[in-house]
Asks: 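Okay, here's the structure, questions in a sec.
Every chain is numbered from 1, with letters handed out A, B, ... down the list of sequences.
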Number of protein chains: 2
Amino acid sequence: MIAERSSKCVLLPGSADEVSAILRHCYSRNLAVVPQSGNTGLVGGSVPVHDEIVLSLKKLNKNFTFDPHAGVVQCDAGWILEELYNRLAPEGYIMPWDLGSRGSCLIGGNISTAVGGVRRLRFGSLHNHVLGLQVVLPDERGTVVNFGSNVRKDNTNLHMHHLFIGGEGQLGVVTSVTVCAVPKPSSVQVAMLGVKTYPECREVLRLAKQYLGEVLSAFELMDAEAMRCLLENENLRNVLSSDPPFNLLVEAMGSNEGHDREKMENFLNAALSKGLAIDGVLAANAKEAAYMWKLRKTLPLAPLHDGYVYKHDISLPMEYFYTLSGLVRKRLEGLAARVLTFGHMADGDSHFNVSAKQYSPEITAKLYPFVCEWTVQHGGSISAEHGVGQERKPYAKLGKGYEVQMARILKKQFDPRCILSPYKMIDAF
Amino acid sequence: MIAERSSKCVLLPGSADEVSAILRHCYSRNLAVVPQSGNTGLVGGSVPVHDEIVLSLKKLNKNFTFDPHAGVVQCDAGWILEELYNRLAPEGYIMPWDLGSRGSCLIGGNISTAVGGVRRLRFGSLHNHVLGLQVVLPDERGTVVNFGSNVRKDNTNLHMHHLFIGGEGQLGVVTSVTVCAVPKPSSVQVAMLGVKTYPECREVLRLAKQYLGEVLSAFELMDAEAMRCLLENENLRNVLSSDPPFNLLVEAMGSNEGHDREKMENFLNAALSKGLAIDGVLAANAKEAAYMWKLRKTLPLAPLHDGYVYKHDISLPMEYFYTLSGLVRKRLEGLAARVLTFGHMADGDSHFNVSAKQYSPEITAKLYPFVCEWTVQHGGSISAEHGVGQERKPYAKLGKGYEVQMARILKKQFDPRCILSPYKMIDAF
């Protein structure tokens, strides 16, 4: 549950110098500050807990340069992701990540939350793309530091800018970003496969890596309960008539439509002929592909109609990806709850949800701390991509050792008075 | 020039616990330690400066696990890169980076130097692939810390393990690595193109990104002087008969030979028909491809026959990639010196070399600090991929600000007595 907010003040700086002046002042007066980007996060990281000053980066969106030969973008942290897509399109490039909130999230927030999203499988993590960051530190001088570089390779210092990727605004305020864009793929192929068992889903993933190789761009799992939920709550019908236990949405994105389609057909044929898939449909056109994605993209919303939803964003080693869903279903037997699973399977990232008519202390007690403990015991992470913020804080340190202590030590070096987003991921006090 | 060494002691721990015991002891006695992997670095990072104890990781090579579904490798830091290739081959995977010293370099050293190498364009930087690191800290307890995770996504803490990628062993000793392997490409296509001017080389790169897209795996530039050096010193003849000012080696690596070859042919035809390339050859088979690579791979050695070589590994924004070579040639006019340029152009990484009959104070004075200052003034890096170690230290801080100070602060947090590889990249004192 995200705490009540009682902030009285939102500041909207338009430059790094203004951010610096604000942080200098807040340092001198010991005032707590919460940096806020598009405020689209799911764990309350950009939301004040008490009366913190909100430092909105929305107006920090003037500077933008792009080198179409190198493919390098340099821009202020307040640019909306979608606007960056629009700027790059005429040059034949796209941003290397994408997510549902693309129309309102800001690039600075994307960096600070180490956003995952739907293109990670194809283009890699943010750590691959971000070359350098300008950061303002919440210290005596509001020091403006350029971490990293504007060129693709720089081995002249510690690669410190990575600390701010996923730093949740707790070490400094990101004010400018240098990032590699990627050439815009000209073809997208989408297929849906029906599979009987989870071990077979793993084999289909291996096959996808083999047949689709460099063009594999999404491998999403949706179980039968997820499909039932879509039908009951959103009136969305599965494209697979066999009503399989597992539905795999597989996407390929490349630079040559003919090649990509042939690869996808070969993959689909292999999965069917080997008996790993019992059913399979290749989208014939963009409309059919969009419908398959609609099924997947509606899943975070569909269970809301049930009443109350316990959402998760856990990461697990591949062999355990679906195990937890079964265990939770057993634990909730006899209670009126729906357990549905969907997620970025290739990344091991499961958004399994539990929905019920209303919030239930009984269900809650069955879920927590079990889900978190089991995940950590099995080598997983209780926050794969959404971050810690406020919501995930109670369990974020499970199974972690000295690493947590080291994060506190680092926080004090960057933010000596702990004024930046206190009460969040890193325990400063 | 790398300093004289007078180490009397080399230790060869076989486990993280042994590393911990050594660092605990060295901490208590204030003994300086240099972690050493394959000792294949080019800047003296793993070489002691005075009488430091050498901590060799060669024997730390027992543990290895691989999940073929997730594609995740977990192994000790002392594994030789080539051995990892051999282990992964039967599973249809390769390591996501490669370099000339693959037969003797260790994965721990690869991490600590943030190795670039010849597959970076295709698979991305190490920051993309390394999920977690076990590190032993040189503190009172020789603390063993697991930074990062064993799963692909984990947003529950600062992404601290990135500090050790390119940390040059100055913050801790990497003892175990969790890294993503990549599916082994089944096809490699290589072409050589002749181009008249550098701006046209940039246009050819854009074309390569457009036509080769996801399979583009190398884009290497070699100028006419580099080719002359190969012919004179190594008796290696260019495959292009036109003797062009610029030779571009372009490689595509993918999962479907027919598709990749067609893409490469389309690219070559476009470059020729647009008049950007004046000459072009597509390797007809593996032997011809190997010869093209032989030209490129011999270039670091070829100028050595001239007598003395000033080597560089600088990174520059794309527009300036070749400018410096021309400026240096002018500065050295009248002096008996050869200026040849080759490098990973797509990464902006130029290994331009200056060779002469012998070491010359006159040439040296014309080169330094000019080369380093000019590079930094134009937004580049004086060490793109080789690191700082001892050799690059004099100029590594050029143009850097508070970032350098912050590196010192971090060093003291991880290595409170500054016993780990002192006198290197980070000024501890």
Asks: With a 3.5 Å cut-off and no angle check, do the side chains of N155(B) and S383(A) form a donor-acceptor pair?
Replies: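 No.
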Asks: Less than 4.5 Å to any heavy atom of chain B: does that hold for the side chain of L158(A), its backbone, both, or neither?
Replies: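 Looking at L158(A), backbone and side chain both touch chain B.
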Asks: Spell out, as yes or no, whether a donor-acceptor pair under 3.5 Å connects the side chain of D347(B) to the backbone of D349(B).
Replies: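 No; judged by distance alone, with no hydrogens or angles, the pair does not exist.
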Asks: Just so I understand: if I count every heavy-atom pair under 4.5 Å between each of E262(B), K184(B), Q210(B) and chain A, which residue has the most?
Replies: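 Among the listed options, the one with the most contacts to chain A is E262(B).
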Asks: Please classify the contact of P68(A) with chain B as side chain, backbone, both or neither, using a heavy-atom distance under 4.5 Å.
Replies: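 Both the backbone and the side chain of P68(A) come within 4.5 Å of chain B.
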Asks: Using a heavy-atom cutoff of under 4.5 Å, enumerate the residues of residues 397-407 of chain B that contact chain A, numbered in order, or state 'none'.
Replies: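 So the qualifying residues are K400(B), Y402(B), E403(B), V404(B), M406(B), A407(B).
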Asks: What part of Y211(B) is in contact with chain A, defined as an atom under 4.5 angstrom from a non-hydrogen atom: side chain, backbone, both or neither?
Replies: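 Backbone of Y211(B) only, per the 4.5 Å heavy-atom cut-off to chain A.
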Asks: Give me the atom names and distance for the closest heavy-atom approach of F267(A) to L212(A).
Replies: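 So the two residues come closest at CD2-CD1, 4.0 Å.
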Asks: Only one of N128(B), V179(B), V182(B) forms a side-chain contact (heavy atoms from CB on, under 4.5 Å) with W97(B), so which one is it?
Replies: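 Among the candidates, only V179(B) passes.
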Asks: Counting only non-hydrogen atoms closer than 4.5 Å, does M425(A) touch chain B with its backbone (N, CA, C, O), its side chain (CB onward), both, or neither?
Replies: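 Side chain of M425(A) only, per the 4.5 Å heavy-atom cut-off to chain B.
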Asks: Is R392(B) in contact with chain A via its backbone, its side chain, both, or neither, using a 4.5 Å heavy-atom distance?
Replies: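 For R392(B), neither part sits under 4.5 Å from chain A.
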Asks: Looking at side-chain heavy atoms only, is the closest gap between V72(A) and T178(A) below 4.5 Å?
Replies: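 A side-chain contact under 4.5 Å exists here.
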Asks: Mind ranking G71(A), G379(A), S315(A) by heavy-atom pairs under 4.5 Å with chain B and telling me who comes out on top?
Replies: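 Answer, by heavy-atom pair count under 4.5 Å with chain B: S315(A).
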Asks: Measure distances from S125(A) to the heavy atoms of chain B and classify the residue's part below 4.5 Å as side chain, backbone, both or neither.
Replies: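 S125(A) touches chain B through backbone and side-chain heavy atoms alike.
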Asks: Work out which heavy atom in P185(A) is nearest to a heavy atom in F123(A); give both atom names and the distance.
Replies: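 Minimum heavy-atom contact is CG-CZ, 4.1 Å.
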Asks: Using non-hydrogen atoms only, which part of L205(B) is less than 4.5 Å away from chain A: side chain, backbone, both, or neither?
Replies: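 The answer is the side chain of L205(B).
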Asks: Can you tell which of V135(B), N256(B), V144(B), T143(B) has the highest number of heavy-atom pairs within less than 4.5 Å of chain A?
Replies: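 Of the candidates given, the most pairs with chain A belong to T143(B).
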Asks: Is there any salt bridge (charged side-chain N to carboxylate O under 4.0 Å, His left out) pair reaching into residues 376-385 of chain B, and which pairs are they, with sequence neighbours excluded?
Replies: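 Only K153(A)-E385(B) qualify under salt bridge (charged side-chain N to carboxylate O under 4.0 Å, His left out).
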Asks: How many angstroms lie between atom NZ of K424(A) and atom CD of E168(A), to the nearest 0.5 angstrom?
Replies: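 Here the interatomic distance stands at 8.5 Å.
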Asks: Could you tell me which portion of P317(A) (side chain, backbone, both or neither) has an atom closer than 4.5 angstrom to a non-hydrogen atom of chain B?
Replies: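 Both backbone and side chain of P317(A) come within 4.5 Å of chain B.
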Asks: Can you tell me which of I314(A), I165(A), N150(A) forms the most heavy-atom pairs within a distance under 4.5 Å of chain B?
Replies: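 Most heavy-atom pairs within the cutoff with chain B belong to I165(A).
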Asks: Would you find a donor on one side and an acceptor on the other, under 3.5 Å apart, between the side chain of R122(A) and the backbone of A252(A)?
Replies: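 Not a single qualifying donor-acceptor pair exists.
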Asks: How long is the span from the OG1 atom in T375(A) to the OH atom in Y320(A), to the nearest 0.5 Å?
Replies: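 Going from the OG1 atom of T375(A) to the OH atom of Y320(A) covers 12.0 Å.
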Asks: At a heavy-atom separation under 4.5 Å, does L137(B) approach chain A through its side chain, its backbone, both, or neither?
Replies: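 Contact with chain A is through the side chain of L137(B) alone.
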Asks: Could you tell me whether E214(B) and K209(B) have a side-chain N and a carboxylate O separated by less than 4.0 Å?
Replies: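 Salt bridge flag = no for K209(B) with E214(B).
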Asks: Side chain, backbone, both or neither: which part of N146(A) has a non-hydrogen atom closer than 4.5 Å to chain B?
Replies: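 The backbone, not the side chain.
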Asks: Side chain, backbone, both or neither: which part of T113(B) has an atom under 4.5 Å from a heavy atom of chain A?
Replies: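 The answer is the backbone of T113(B).
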Asks: I need the residue from G92(B), G167(B), G148(B) with the largest number of non-hydrogen atom pairs under 4.5 Å to chain A.
Replies: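 If we count pairs closer than 4.5 Å to chain A, G148(B) comes out on top.
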Asks: Measure distances from H344(A) to the heavy atoms of chain B and classify the residue's part below 4.5 Å as side chain, backbone, both or neither.
Replies: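 Only the side chain of H344(A) comes within 4.5 Å of chain B.
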Asks: What part of I409(A) gets closer than 4.5 Å to chain B, counting heavy atoms only: side chain, backbone, both or neither?
Replies: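 Only the side chain of I409(A) comes within 4.5 Å of chain B.
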Asks: side-chain contact (heavy atoms from CB on, under 4.5 Å) with I426(A): which of D415(A), L410(A), L171(A)?
Replies: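 Among D415(A), L410(A), L171(A), the one that satisfies the side-chain contact (heavy atoms from CB on, under 4.5 Å) with I426(A) is L171(A).
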Asks: S186(A) and E257(A): side-chain contact (heavy atoms from CB on, under 4.5 Å), yes or no, with the steps?
Replies: CA-CA 7 Å; S186(A) 56; E257(A) 177 137 31; 6.0 Å; no
Asks: Under a 4.5 Å cutoff for heavy-atom pairs, which residue among A70(A), G213(A), A396(A) has the most contacts with chain B?
Replies: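 Counting heavy-atom pairs under 4.5 Å, the top option is A70(A).
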Asks: State, with a plain yes or no, whether a side-chain heavy atom of V43(B) is found less than 4.5 Å away from one of V388(B).
Replies: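 No - every pair of side-chain heavy atoms lies 4.5 Å or more apart.
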Asks: Could you tell me which of H386(B), R152(B), M318(B), H69(B) has the largest number of non-hydrogen atom pairs under 4.5 Å with chain A?
Replies: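 Among H386(B), R152(B), M318(B), H69(B), the one with the most close pairs to chain A is H69(B).
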Asks: Quick check for you: to the nearest 0.5 Å, what is the distance between S149(B) atom OG and L133(B) atom CG?
Replies: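 Separation between the atoms: 11.5 Å.
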Asks: Counting N and O atoms only, with roles assigned by atom type, does the side chain of S187(B) sit under 3.5 Å from a partner on the main chain of M253(B), one being a donor and the other an acceptor?
Replies: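 No, S187(B) side chain to M253(B) backbone: no donor-acceptor pair under 3.5 Å.
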